[in-house]
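Throughout, protein chains are lettered first and strands after them, A, B, ... in sequence-line order, and every chain is numbered starting at 1. Excluded from the calculations below are hydrogen atoms, water molecules and symmetry mates; all remaining heavy atoms, backbone and side chain alike, are included. All values reported here derive from a predicted model rather than from experimental measurement.
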Protein chains: 2
Amino acid sequence: MLPVVGQPQPERADAARNRQKIIEAATRMLAERGADELSLDEVARVAGVGVGTVYRRFGDRAGLLYALIDERERRFQAAFLSGPPPLGPGAPAADRIEAFLYALVDRIVAQQGLYVSLEKGGGMNKFSGPYRVHHVHLATLIAQARPRAAAPYLADALLAPVSACLIAFQREERGMNVDDIKAGLTSLTAAVIRGRVPG
Amino acid sequence: MLPVVGQPQPERADAARNRQKIIEAATRMLAERGADELSLDEVARVAGVGVGTVYRRFGDRAGLLYALIDERERRFQAAFLSGPPPLGPGAPAADRIEAFLYALVDRIVAQQGLYVSLEKGGGMNKFSGPYRVHHVHLATLIAQARPRAAAPYLADALLAPVSACLIAFQREERGMNVDDIKAGLTSLTAAVIRGRVPG
DNA sequence: AGCTTAACCGGAGATCCCTCCGGTTGCCAG
DNA sequence: CTGGCAACCGGAGGGATCTCCGGTTAAGCT
């Protein structure tokens, strides 16, 4: 779906047309109302298709939400895989890690409601799709910076605080702003990657 | 509800009786089926009360689920607030932090389905209740070990990888076992708290 | 063009979470 | 004991997600 892989089965013309109608309707409704108010029944009605069609195209609510951020995610993946440093290759691994986490935070903050809604529903499908790509990327960078570290686990551990729900909670209920969160992430990565202990 | 606070308003006798009936029915059904299959309508029917009663007693699905682990959570809070070291006071803060995170992992693994179901629903209410207590406790310990660190943020950051959904994913899809997860947490806390960098 | 078939379409309906409100009952003051 | 009120009860119902299946249609082959 999102992990940058072409569809093995090409869609029929009417199916592709309906997919486009659904995405357009959902995008418009997402802009007008919030992500929480995005009812799939209503999306189907506005798009002029049956609700079954929505589910056949996108699997479930999370699938549709992923499709809505698909293009942005593609650009993001291109940026950290082959874009300019410090996000892309060319900078020290430690700097790339920090830039990567910062970009993740910005991405969530830019569409907080959408990402929160995505994490709420399902729960386990949060780890399907983009997460795997992010994890592989981050684990690779960690392995470069700290060859003997448990890179796969540390990648999970650095990705975990960059959760839409946690960030929403920190901003709304704990009064933190984006820079506070980024500063925290810096001190976390500084300790884990650079060996610079906080305090 | 769960943050160890007595109810300001004592319940009427019939209300307390119904609460008990609901908890017993839910506990029984939880043991037989999984936490995912726990329908509140069905709990109400088995308990012999109306569904409105369930919601008045417990607020929502998460509230009922929290009530089911309330006693265990009470014991856990007593253990790390005033029990024997290294979980309770008396041990170095760094050791208490590690013991605390280990205990959280064990607690989740013991009732994984329940905690996963708890994190899935709602999303934001994950941070209400026990989370706040755990956060205050952990932030206090971090401040003891590292007086100049950003303790509140680091507490969130250490709590984030101890998520039921993440642990379930690591165990089921990534083939990790509990000791792998604990070892990862050790290297994480070692870096953040003890200044011992991984690798 | 006509045929075949696999894929697709639509919407009724099952299930679930949660709210609302008219009727009921426990509790206490008098 | 009794009257009154606040709290409680039950279940109908709204709105959401997702499934299922009979009818339809696009696409390729002859």
Side-chain angles (χ1 to χ4, degrees), chain A residues 7-23 25-26 29-30 33-68 113 116-126, chain B residues 1 7-23 25-26 29-30 33-68 113 116-126 128:
Chain A
Q7 314 81 316
Q9 306 280 4
E11 265 169 357
R12 234 168 63 172
D14 53 348
R17 201 162 40 229
N18 278 336
R19 147 169 279 134
Q20 203 54 34
K21 283 197 293 185
I22 292 166
I23 286 190
M29 293 169 62
L30 181 65
R33 320 152 73 125
D36 288 336
E37 269 64 318
L38 200 70
S39 151
L40 292 214
D41 283 2
E42 203 178 350
V43 167
R45 215 177 52 242
V46 170
V49 302
V51 64
T53 302
V54 178
Y55 282 91
R56 201 172 325 96
R57 270 323 103 209
F58 299 99
D60 57 0
R61 179 189 170 81
L64 175 58
L65 262 34
Y66 270 128
L68 294 184
V116 167
S117 185
L118 210 36
E119 284 182 13
K120 286 203 296 197
M124 211 82 313
N125 65 8
K126 170 188 168 184
Chain B
M1 175 190 312
Q7 312 83 316
Q9 306 279 5
E11 266 168 356
R12 237 167 62 172
D14 52 348
R17 199 162 43 227
N18 279 337
R19 147 169 278 135
Q20 202 54 33
K21 282 198 292 185
I22 292 166
I23 285 189
M29 293 167 60
L30 181 65
R33 320 153 73 128
D36 289 334
E37 269 65 318
L38 201 69
S39 150
L40 293 216
D41 285 3
E42 201 177 352
V43 168
R45 215 176 52 241
V46 170
V49 302
V51 63
T53 303
V54 177
Y55 283 91
R56 202 172 322 97
R57 276 315 105 200
F58 298 100
D60 58 1
R61 180 189 168 82
L64 175 59
L65 261 35
Y66 270 128
L68 295 184
V116 167
S117 184
L118 210 36
E119 285 183 12
K120 285 202 298 196
M124 212 83 310
N125 65 8
K126 169 188 170 185
S128 312

Pairwise side chain to side chain donor-acceptor pair (under 3.5 Å) hits with a residue in residues 53-65 of chain B, at least two apart: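 Of all non-adjacent pairs touching residues 53-65 of chain B, those that pass side chain to side chain donor-acceptor pair (under 3.5 Å) are Glu11(B)-Arg57(B), Arg61(B)-Ser117(B).
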Which atom of Glu37(A) lies closest to which atom of Glu42(A), heavy atoms considered: O-OE1, 4.4 Å
Leu118(A) vs Lys126(A), side-chain contact (heavy atoms from CB on, under 4.5 Å): CA-CA, chis, key distance, verdict: CA-CA 7 Å; Leu118(A) 210 36; Lys126(A) 170 188 168 184; over 6 Å; no
Heavy atoms, side chains only, cut-off 4.5 Å: are [X] and [Y] in contact?
X	Y	answer
Leu38(B)	Leu65(B)	yes
Met29(B)	Val46(B)	yes
Met124(A)	Glu119(B)	no
Val51(B)	Arg45(B)	no

Spatial distance of atom CG (Asp14(B)) from atom NZ (Lys21(B)) [nearest 0.5 Å]: 9.5 Å
Round to the nearest Å and state the distance from [X] atom [atom1] to [N] atom [atom2].
X	N	atom1	atom2	result
Arg45(A)	dG15(D)	CZ	P	11 Å
Glu42(B)	dC16(C)	CD	P	7 Å
Arg61(A)	dG15(D)	CZ	C1'	13 Å
Leu40(A)	dT19(D)	CG	C1'	14 Å
Tyr55(B)	dG13(D)	OH	P	18 Å

First encountered from the 5' end of DNA chain C, between Arg17(B) and Asp36(B):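 Its nucleotide being nearer the 5' end, the pick is Asp36(B).
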Under-4.0 Å side-chain N/O to phosphate OP1/OP2 contact, Ser39(A) with dG15(D): no
Pairs: protein N or O with nucleotides 2-4 of chain C N or O, under 3.5 Å:
none

Name of the residue among Leu68(B), Val43(B), Ile23(B), Leu40(B) meeting side-chain contact (heavy atoms from CB on, under 4.5 Å) with Phe58(B):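 That would be Ile23(B).
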Where protein sits on nucleotides 8-13 of chain C, one letter per nucleotide: B base, S sugar-phosphate only, - none, heavy atoms under 4.0 Å: SBBBB-
Sugar-phosphate, base or nothing in reach of Leu64(B), heavy atoms under 4.0 Å: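 The residue Leu64(B) makes no contact with any strand.
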